[in-house]
**Q** 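Below is a structure I'd like to ask you about.
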Amino acid sequence: MLAVEDFSRAATRRKNSRNLGLTSLISQEIMAARRMSSLLSSSYAPALLRSLDRYSGRGTGITRFSTTAAALEEPIVPPVTVEYNKLLINGQFVDAASGKTFPTLDPRTGELITHVAEGDIEDVNRAVSAARKAFDEGPWPRMTAYERSRILYRFADLVEKHADEITALEVWDNGKPYDQAARHEIPLFIRLFRYYAGWADKIHGLTIQADGPYHVQTLHEPIGVAAQIIPWNFPLLIYAWKVGAALACGNTIVLKTAEQTPLSALYVSNLFHEAGLPPGVLNIVSGFGPSAGAALASHMEVDKLAFTGSTATGQIVLGLAAKSNLKPVTLELGGKSPFIVCEDANVDEAVELAHNALFYNQGQCCCAGSRTYVHEHVYDEFVEKAKTRALQRVVGDPFKEGVEQGPQIDSQQFKKILKYIRSGVENGATLETGGERFGSEGYYVQPTVFSNVQDNMLIAKDEIFGPVQSILKFKEIDEVIRRSNASQFGLAAGVFTQNLDTANTLTRALKAGTVWINCFDVFDAAIPIGGYKMSGHGREKGVYGLNSYLQVKAVVTHLKNPAWL
Ligand SMILES: NC(=O)c1ccc[n+]([C@@H]2O[C@H](COP(=O)([O-])OP(=O)(O)OC[C@H]3O[C@@H](n4cnc5c(N)ncnc54)[C@H](O)[C@@H]3O)[C@@H](O)[C@H]2O)c1
């Protein structure tokens with residue numbers, strides 16, 4: 001993993017590199033304290049953050065959020081070059097059959113990073129054929145599970161070795177803060193692969209008692225060729241949830257990345273071959289949804305589809321899968337998760353946790369705590385402090401140390417978020433802070449807080465997928481349960497209380513795939529994720545993530561003269 005100082009030195013060495021800012025002891029202390037505060041295990045974390053924020057703006061070039069749109073400095077030159085921009089089919093990097101490419105853009109400026117080969121129907125056919133052959137004839141499903149696990153472990157080691165380049169690519173293509181990617185996402189990516197490497201040789205069926213003279217066993221077989229379609233908000237983490245589980249079970253894969261973020265998946269997939277993965281087992285197609293994505297979802301030779309993305313696209317791919325070969329589909333879709341602050345809450349801690357629950361990753365999280373329900377007894381204090389915290393949020397170049405919030409992914413999302421903000425104002429919610437673009441370049445949005453939000457407003461119903469916190473008031477626990485569940489989504493929920501009975505009541509009543517009590521966004525490799533209602537079906541991560549990549553075959557053998565039954 002790249003240390004803060006190494007990163008600074010590497011970047012400084014690069015031609016034309018700009019001043020990276022904080023490398024001093026103070027800055028490292030700030031980062032360490034920020035990490036501590038993000039754990040929110042101590043009641044003084046918010047106060048600590050506030051005092052550190054005062055230092056972090058000093059002479060560093062970091063722009064803290066202010067209500068006047070501030071101009072950002074020249075973007076920092078990322079400490080990496082793009083090596084892989086073609087499709088990965090059958091172990092080779094190849095051009096698209098059409099020869100077409102598409103641009104991938106830097107969200108800090110909207111400028112070109114590089115052109116990437118644009119996969120289309122013909123490329124999907126080539127990739128599925130390679131995956132089919134690798135499954136039907138190749139060594140991967142035939143080698144021992146232990147051999148497969150060793151390749152997964154070797155891959156994790158290689159990712160660790162190249163963590164600095166991988167982090168820089170992810171930040172450049174996506175706009176997420178470097179610190180977030182380096183300290184949370186890349187380590188979790190590695191952990192996920194080690195977790196599934198550990199499962200590879202522990203997948204087995206059962207021996208079952210039946211009525212009659214039969215020996216009954218179940219075989220847990222790989223399902224075959226898995227198609228995987230992923231979004232742009234966590235390009236590597238969602239890759240890991242899907243690829244790790246599918247490979248541990250012995251499947252082969254065709255994965256389509258999001259058109260906004262094709263780069264990091266190509267880089268890490270090359271490392272898989274260095275780790276010993278046979279050609280054709282993992283194929284990567286960069287390209288667009290309606291062409292490459294739809295071709296994968298409706299392909300007759302694909303045995304399973306795993307999709308993460310919006311609910312609207314989930315409905316499309318489910319239809320395509322049904323109309324083609326009825327391949328089983330898992331769907332990880334959108335959310336509008338309630339974050340419930342009860343009347344006994346420590347307000348300072350609740351404010352910090354609710355802030356991170358919403359603003360993490362520029363608000364571009366499927367699980368974002370995007371309906372902040374606050375009990376009427378602590379509501380006024382909460383709103384005031386939530387506004388103060390949003391004003392302190394450090395917005396700026398994601399490569400700059402100390403930055404908490406980078407740009408949104410692209411101009412489409414940027415415009416959509418600003419439109420939702422306008423609708424909040426027009427519908428009578430109180431705009432406490434923010435509400436405009438940040439700076440004059442790229443896709444930065446001011447951290448925005450609305451109070452007096454009502455359940456029927458669009459900002460309380462739709463997934464905004466941006467840095468917009470909506471605060472709603474409640475009085476009774478039964479009332480907040482009813483209002484929380486009155487949503488088409490059911491992905492996650494957060495509960496903040498010191499009362500065990502209240503926590504237990506809410507845990508069981510909330511219709512959500514994950515309920516976090518006095519914490520939020522805890523994404524361990526072993527913890528399953530998935531949705532109720534229109535947030536999807538099936539589960540990924542953990543042992544549950546294996547189920548959808550396995551076929552269960554019952555084998556019944558007649559017994560003659562058995563010694564026992
Ligand atoms: N539940 C989860 O675990 C989870 C995790 C991350 C993101 N998400 C959701 O993802 C969404 C944001 O991602 P997005 O904007 O990239 O979503 P999206 O649905 O627009 O795109 C997701 C993927 O689907 C592809 N796609 C688009 N149209 C397609 C089509 N017609 N056929 C096949 N594939 C198609 C895209 O190219 C992309 O690869 C949000 O709604 C978010 O909540 C959910």
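All ligand and atom numbering here is 1-based and tracks the order in the structure.
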**Q** Of all heavy-atom pairs between Tyr84 and Leu266, which one has the smallest distance, and what is that distance?
**A** O-CD1, 3.5 Å

**Q** For residues Ser269 and Tyr239, is any side-chain donor paired with an opposing acceptor at under 3.5 Å?
**A** yes

**Q** Any donor-acceptor pair under 3.5 Å linking the side-chain atoms of His184 with those of Tyr360?
**A** yes

**Q** Quick one, list the residues around ligand 1 where some non-hydrogen atom comes in under 4.0 Å, by chain and residue number.
**A** Ile229, Ile230, Pro231, Trp232, Asn233, Ile238, Trp241, Lys256, Thr257, Ala258, Glu259, Gly289, Pro290, Gly293, Ala294, Phe307, Thr308, Gly309, Ser310, Thr313, Ile316, Val317, Glu332, Leu333, Gly334, Cys366, Glu463, Phe465, Leu491

**Q** For Glu165, enumerate each residue passing the side chain to side chain donor-acceptor pair (under 3.5 Å) test, keeping only those at least two apart in sequence or located in another chain.
**A** His162, Tyr267

**Q** Ion pair present between Arg194 and Glu160, side-chain N to carboxylate O less than 4.0 angstrom?
**A** yes

**Q** Measuring from atom CD1 of Ile186 to atom OG1 of Thr167, what distance do you get when rounded to the nearest 0.5 angstrom?
**A** 4.0 Å

